[in-house]
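The chain is numbered in sequence order, starting from 1.
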Amino acid sequence: MSEILFVSIGAILGANSRFRIHNKLAKLNLNKYSLILIINTFSSFSLGLFLSVVEQFRAFNYYYQLVLFFSVGFFGSLSTFSSFIYDLFDLCLKLKFFRALKLFFISVSVGIIAFAFGFFLGNQ
């Protein structure tokens, strides 16, 4: 039962952080695709950094709960996968297939690169 609590609290904090970050970035007059790309990139980088650093806490009594709190709860809610999928779907409905494909490849590529950069940075 405590595992659900750790994930839930992390998810609440991650979703609220995403909401606040989105509102702050919206003031920069970026399009919605760029906002989601920035948030997902930040979340991917942070998850990579966290997963590389958390190994140092393996002996900590609440290691597993810490991983659940951050990786599943916080960073899972901070990233905006459902918004990303909706945007792809919306572009396809508007018959903007090339734009949808471009958004897909850019988002996935940048996400993987950001995660890898965070992961390798944390292992230095």
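- Under a hydrophobic-cluster definition in which Ile, Leu, Val, Met, Phe, Trp and Tyr are linked whenever side-chain heavy atoms come within less than 4.5 Å, directly or via other members, Phe119 and Val108 are assigned to different clusters.
- The number of heavy atoms from other shown groups lying within 6.0 Å of NZ (Lys102) does not exceed 12.
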Query raised in the report: Please walk me through it: do Phe97 and Leu101 pass side chain to side chain contact (heavy atoms under 4.5 Å, CB included)?
Result: CA-CA 6 Å; Phe97 299 113; Leu101 195 60; over 6 Å; no

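- Checking side-chain atoms of Ser52 against main-chain N and O of Leu49 turns up a donor-acceptor pair under 3.5 Å.
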Requested in this report: I would like to know whether Val72 and Val67 meet side chain to side chain contact (heavy atoms under 4.5 Å, CB included); could you show each step before the answer?
Outcome: CA-CA 7 Å; Val72 177; Val67 171; over 6 Å; no

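- Ser43 places a side-chain N or O within donor-acceptor distance of the main-chain N or O of Phe75, the cut-off being under 3.5 Å.
- Residues passing the ring pair (Phe, Tyr, Trp, His ring centres under 6.0 Å) test with Phe117 are Phe45, sequence neighbours excluded.
- Heavy atoms only, all atoms of each residue included: Ser44 and Gly111 are closest at CB-O, 3.4 Å.
- Taking OH of Tyr86 as the start and CG of Leu91 as the end, the distance is 9.5 Å to the nearest 0.5 Å.
- For the pair Lys96/Leu103, no side-chain contact is recorded, criterion being any heavy-atom separation below 4.5 Å from C-beta on.
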Query - Ile39 and Ser79: CA distance, side-chain angles, deciding distance, side chain to side chain contact (heavy atoms under 4.5 Å, CB included) verdict - result: CA-CA 6 Å; Ile39 293 169; Ser79 66; over 6 Å; no

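- A distance-only check finds a donor-acceptor pair linking the side chain of Gln124 to the backbone of Phe120 [under 3.5 Å].
- Both Phe84 and Phe105 are assigned to one and the same hydrophobic cluster, defined by single-linkage of ILVMFWY side chains at heavy-atom distances under 4.5 Å.
- The side-chain heavy atoms of Gln56 and Tyr63, taken from C-beta on, include no pair separated by under 4.5 Å.
- In this structure, the side chain of Ser34 does not engage the main chain of Leu30 through any donor-acceptor pair within 3.5 Å.
- Note: Phe70 and Phe50 have tilted aromatic rings, judged against thresholds of 30 and 60 degrees for the angle between ring planes.
- Hydrophobic clustering, with ILVMFWY side chains joined whenever heavy atoms are under 4.5 angstrom apart, keeps Val110 apart from Leu25.
- How far CZ of Arg18 is from CG of Asn40: 9.0 Å, rounded to the nearest 0.5 Å.
- Rounding to the nearest 0.5 Å gives a distance of 10.0 Å between CG of Asp87 and CG of Leu35.
- Without hydrogens or angle criteria, Asn16 side chain to Ile12 main chain gives a donor-acceptor distance under 3.5 Å.
- Taking all atoms of both residues into account, the shortest heavy-atom contact from Ala100 to Leu88 is O-CD2, 3.2 Å.
- Rounding to the nearest 0.5 Å gives a distance of 14.0 Å between CZ of Phe19 and CG of Leu78.
- At a threshold of 4.5 Å between non-hydrogen side-chain atoms, the residues Tyr62 and Phe69 do not count as touching.
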Report task. Could you check Phe104 against Arg99 for side chain to side chain contact (heavy atoms under 4.5 Å, CB included), going step by step and ending with a plain yes or no? Result -> CA-CA 8 Å; Phe104 173 79; Arg99 190 165 182 185; over 6 Å; no

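- Hydrophobic clustering, with ILVMFWY side chains joined whenever heavy atoms are under 4.5 angstrom apart, groups Leu51 together with Phe42.
- Smallest separation of non-hydrogen atoms from Ile36 and Ser83: CD1-CB, 3.6 Å.
- Following chains of ILVMFWY side-chain contacts shorter than 4.5 Å, one cannot reach Ile113 starting from Ile106, and the two form parts of different hydrophobic clusters.
- Between Ser17 and Phe74 there is a side-chain heavy-atom pair separated by less than 4.5 Å.
- Within the 4.5 Å cutoff, no side-chain heavy atoms of Leu66 are placed close to those of Phe6.
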